[in-house]
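Below is one structure; the comments refer to it alone.
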Amino acid sequence: MDDEKLGVKPEILFRIYGQIEAQAKDSAPVQVRNELRISQDARIKTRFYIAVSDRMAQYLITAVQKQTSGDAIGLKSYFYKLQEQLMGQMFAGAKDTINISLR
């Protein structure tokens, strides 16, 4: 999804992703906190990359769910899509790391 469809500026998405990352890491045990990385594409500012371990994914999903409780409809659907992708990859099989690119 891009910011024109959402009506959201890349700076706002960057802030929201920062809040999600901080909340996920705060709720996770110390030994798995470094198993989550969220980064913004340097050229396409509305594209974000998420690398998360299976052990850390549950904390990321919880943080995304908390974030969507207060968001506008467009953002809710964006983050529901993120949740679906995370859960789909979690249950897909033998990977230790989940990599997602959202745009």
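Hydrogens, waters and symmetry mates play no part in the numbers below; they use all other heavy atoms, side chains included.
- Looking at Arg33, its side chain does come within 3.5 Å of a backbone N or O of Ala28 through a donor-acceptor pair.
- Sorted by first and then second residue, the salt bridge (charged side-chain N to carboxylate O under 4.0 Å, His left out) pairs with a member in residues 20-30 read Glu21-Lys25; sequence neighbours excluded.
- With values rounded to the nearest 0.5 angstrom, Ile20 atom CD1 is found 11.5 Å from Thr62 atom OG1.
- Put simply, Ile16 and Tyr80 are part of two different groups of oily side chains (I, L, V, M, F, W, Y) that touch within less than 4.5 Å, one to the next.
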Apply the test side-chain contact (heavy atoms from CB on, under 4.5 Å) to residues Ile50 and Leu82: give CA-CA distance (whole Å), side-chain angles for both, the deciding distance (0.1 Å), then the verdict.
CA-CA 10 Å; Ile50 300 171; Leu82 171 60; 3.4 Å; yes

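- A pairwise comparison of heavy atoms in Arg55 and Tyr59 identifies O-CE1, 3.6 Å as the closest pair.
- To the nearest 0.5 angstrom, Lys45 atom NZ is 5.0 Å from Gln40 atom CD.
- Scanning both residues, Gln67 and Gln19, for their nearest heavy atoms gives OE1-OE1, 3.4 Å.
- Of all heavy-atom pairs spanning Met56 and Val32, the tightest one is SD-O, 3.6 Å.
- Between Tyr49 and Tyr17, the distance from one ring center to the other does not fall under 6.0 angstrom.
- Taking both residues in full, the closest heavy atoms of Leu36 and Ala24 are given as CD2-CB, 3.9 Å, listed atom of the first, atom of the second, then distance.
- Of all non-hydrogen atoms in Pro10 and Thr46, the two that sit nearest each other are CG-CG2, 3.8 Å.
- Closest approach of Phe48 to Leu13, counting heavy atoms only: CE1-CB, 3.7 Å.
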